[in-house]
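Below you'll find the structure, written out as structure tokens, and then a few comments.
Quick note on labels: first sequence line is chain A, next is B, and so on, each numbered from 1.
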Number of protein chains: 2
Amino acid sequence: MPKTPPGQTRNRVFRFVRDCLLRGDSPSLREVQRHFGFRAVETVRAHLAALVEEGRLVKEPGRARGYRLPKRQTKRLSSPVPDWPTSRLQPVPLLGEVAAGGFEEAIENPEGNLPVEIPDSRDLSDYFALRVRGESMSGAGILPGDTVIVERRGTPVSGQIVVALLEEEATVKRLHLGQGGMELRPENPDFDTLRPPPGSCRILGRVVELRRQIR
Amino acid sequence: MPKTPPGQTRNRVFRFVRDCLLRGDSPSLREVQRHFGFRAVETVRAHLAALVEEGRLVKEPGRARGYRLPKRQTKRLSSPVPDWPTSRLQPVPLLGEVAAGGFEEAIENPEGNLPVEIPDSRDLSDYFALRVRGESMSGAGILPGDTVIVERRGTPVSGQIVVALLEEEATVKRLHLGQGGMELRPENPDFDTLRPPPGSCRILGRVVELRRQIR
DNA sequence: TGGCATACCAGACAAATGTCTGTTATGCTG
DNA sequence: CAGCATAACAGACATTTGTCTGGTATGCCA
């Protein structure tokens, strides 16, 4: 392989490795070597080391295929990255629209499952997903047809967006707790705030994530 | 490690490896071993080999960290696992906010990967994710901080919500194509419709999904 | 001219990783 | 019970992969 102008081959190497990584496939030095036809592994190693030096790549030491793309604008100190993610992906039951018929029944017959990232500290059974009906929360960017992922939390906190079971129907509202009792406030001027009498309403959990499929 | 009922540990191993792969991080046998506390590598190897046999994983032979998610998850009649999706989960690169600095730079530095369900018919490289900046689409329920998943291929269609690369900045707008040329319409009365001169704007793709983490 | 930096090569070496072979339990089933 | 399959272990071994040390060639510049 002939010698090339400074930086030229390096950029080509970077683009190749970057494309591999974007496909979720970290290449080995020798794979890069073969791709470019280098006759020495060391050539690749020098290039990658330089790219790490320049901050365009990141390397996990002592690890085969350990090159990664750097996180953007990460200025953090040498924070030891945990070996394994602190959250995990779990199939959360999607209940669909919970209209009449009761919540417990709905949870027995989910429409399907949704892959959701949940913290390690929590249990899968703390989560479910629900499809949103109605426009009452459109001011908060929650539209009909959206899917909300709900964490069944112990104590409801004022100000949170929650799913409440009210008159055999699940609704998404913003919860407000005051001396006047519980308020379920819509985020749409066309709808009225609900003030359910004590005991007639059950907070199922708080909305932790929203998903919307577009077309 | 005590012996467990048939299939139980295998499923746990599968879920762990799957989660790793969805993060774009193929684990080595010994990493899986450490995670579960097995005292023999072979135990892991046997489990993974069985998972490959069952079609739940795919292995690139003669390669370190060579386990992958199968492109097409085939429905196994004998399997009690609930129906396999006709689409597949894949780690889609999350580019973060593409503000100044250009798209090409952003795609070189993804913040991480997002598990996204994409159709079997499409390729992983057709997708990327982006964090939304600004209020210009709040009328369509797309708020600042939201993450949009973008499909790159396909001809832009009038009326779709798209990501456009405009003056070194990526923006989310609704695309309108008419005889007057291209229009990028915000969905917020406080913002003006953009009419980029031909050639000054590149449509990166259309928004197919929206995700929002709440607190 | 003599450093000095960069690009690339060559081959040995070491660490990470996957593979194999054999063994010990345990539960199921005819 | 014997036979068989599965779960897990133990340790050696082979391959893949990263690292090191040193060498050749080229261009730049004081």
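- Taking atom CD on B:Gln33 and atom C1' on C:dT17, their separation rounds to 11 Å, with Å as the unit.
- Note on A:Lys59: every side-chain N or O is 4.0 Å or more away from OP1 and OP2 of D:dT17.
- The interatomic distance linking A:Arg12 (CZ) with C:dA7 (C1') rounds to 13 Å, in whole Å.
- The side chain of B:Arg65 lies closest to C:dT17, out of C:dT17, C:dC9, C:dA7.
- One interatomic measurement links the two molecules: CZ of B:Phe36 to C1' of D:dC9, which rounds to 17 Å at whole-angstrom precision.
- Of the two residues contacting DNA chain D, namely B:Gly62 and B:Thr43, the nearest-nucleotide position lying further toward the 5' end is that of B:Thr43.
- Within the 4.0 Å cut-off from OP1 or OP2 of C:dA7, at least one side-chain nitrogen or oxygen of A:Arg10 is found.
- Residues passing the salt bridge (Lys or Arg N to Asp or Glu O under 4.0 Å) test with B:Arg63, sequence neighbours excluded: A:Asp25, A:Glu31, B:Glu60.
- Classification of the B:Phe36-B:Phe16 ring pair by plane angle, with boundaries at 30° and 60°, yields perpendicular.
- Here the side chain of A:Leu29 is nearest to one of C:dT17, D:dT19, C:dA10, namely D:dT19.
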Which side-chain N or O atoms in residues 205-214 of chain A pair as donor and acceptor under 3.5 Å with protein atoms at least two apart or in another chain?
residue: A:Arg206; atom: NH1; partner: A:Glu151; partner atom: OE1; Å: 2.8
residue: A:Glu209; atom: OE2; partner: A:Arg211; partner atom: NE; Å: 2.8
residue: A:Glu209; atom: OE2; partner: A:Arg211; partner atom: NH2; Å: 3.2
residue: A:Arg211; atom: NH1; partner: A:Pro115; partner atom: O; Å: 3.1
residue: A:Arg211; atom: NH2; partner: A:Pro115; partner atom: O; Å: 3.0
residue: A:Arg212; atom: NE; partner: A:Asp146; partner atom: OD1; Å: 2.9
residue: A:Arg212; atom: NE; partner: A:Asp146; partner atom: OD2; Å: 3.2
residue: A:Arg212; atom: NH1; partner: B:Ala140; partner atom: O; Å: 3.0
residue: A:Arg212; atom: NH1; partner: B:Gly141; partner atom: O; Å: 3.1
residue: A:Arg212; atom: NH2; partner: A:Gly141; partner atom: O; Å: 3.0
residue: A:Arg212; atom: NH2; partner: A:Asp146; partner atom: OD2; Å: 2.9
residue: A:Arg212; atom: NH2; partner: B:Gly141; partner atom: O; Å: 3.1

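- Not counting sequence neighbours, B:Phe191 has no partner by the ring pair (Phe, Tyr, Trp, His ring centres under 6.0 Å) test.
- Rounding to whole angstrom units, CD of residue B:Glu60 and P of D:dT16 are separated by 14 Å.
- If you check D:dA7, D:dT17, C:dA7 against the side chain of A:Arg30, the one that comes closest is D:dT17.
- Residues satisfying the ring pair (Phe, Tyr, Trp, His ring centres under 6.0 Å) test with B:His176, not counting sequence neighbours, are none.
- The CD-P distance, from A:Glu31 to D:dT16, rounds to 11 Å in whole Å.
- Scanning all heavy atoms of the two residues, the minimum distance from A:Leu177 to A:Pro156 falls at CD1-O, 3.8 Å.
- Per the geometry, OH belonging to A:Tyr67 stands 8 Å off C1' belonging to D:dG18, to the nearest Å.
- Rounded to whole Å, the distance from CZ on A:Arg39 to C1' on D:dA25 is 13 Å.
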Would you list the protein and nucleotides 20-22 of chain D atom pairs, both N or O, that sit under 3.5 Å from each other?
residue: D:dC20; atom: OP2; partner: A:Arg45; partner atom: NH2; Å: 3.4
residue: D:dC20; atom: N4; partner: A:Glu42; partner atom: OE1; Å: 2.8

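- Not counting sequence neighbours, A:Glu53 has no partner by the salt bridge (Lys or Arg N to Asp or Glu O under 4.0 Å) test.
- Spacing between atom CZ of A:Arg34 and atom C1' of D:dT17 amounts to 11 Å, rounded to whole angstrom units.
- Residue B:His47 has a polar side-chain atom (N or O) positioned under 4.0 Å from OP1 or OP2 of D:dA8.
- Scanning atom types as modelled, no donor and acceptor separated by under 3.5 angstrom connect the side chain of B:Arg63 and the base of C:dG18.
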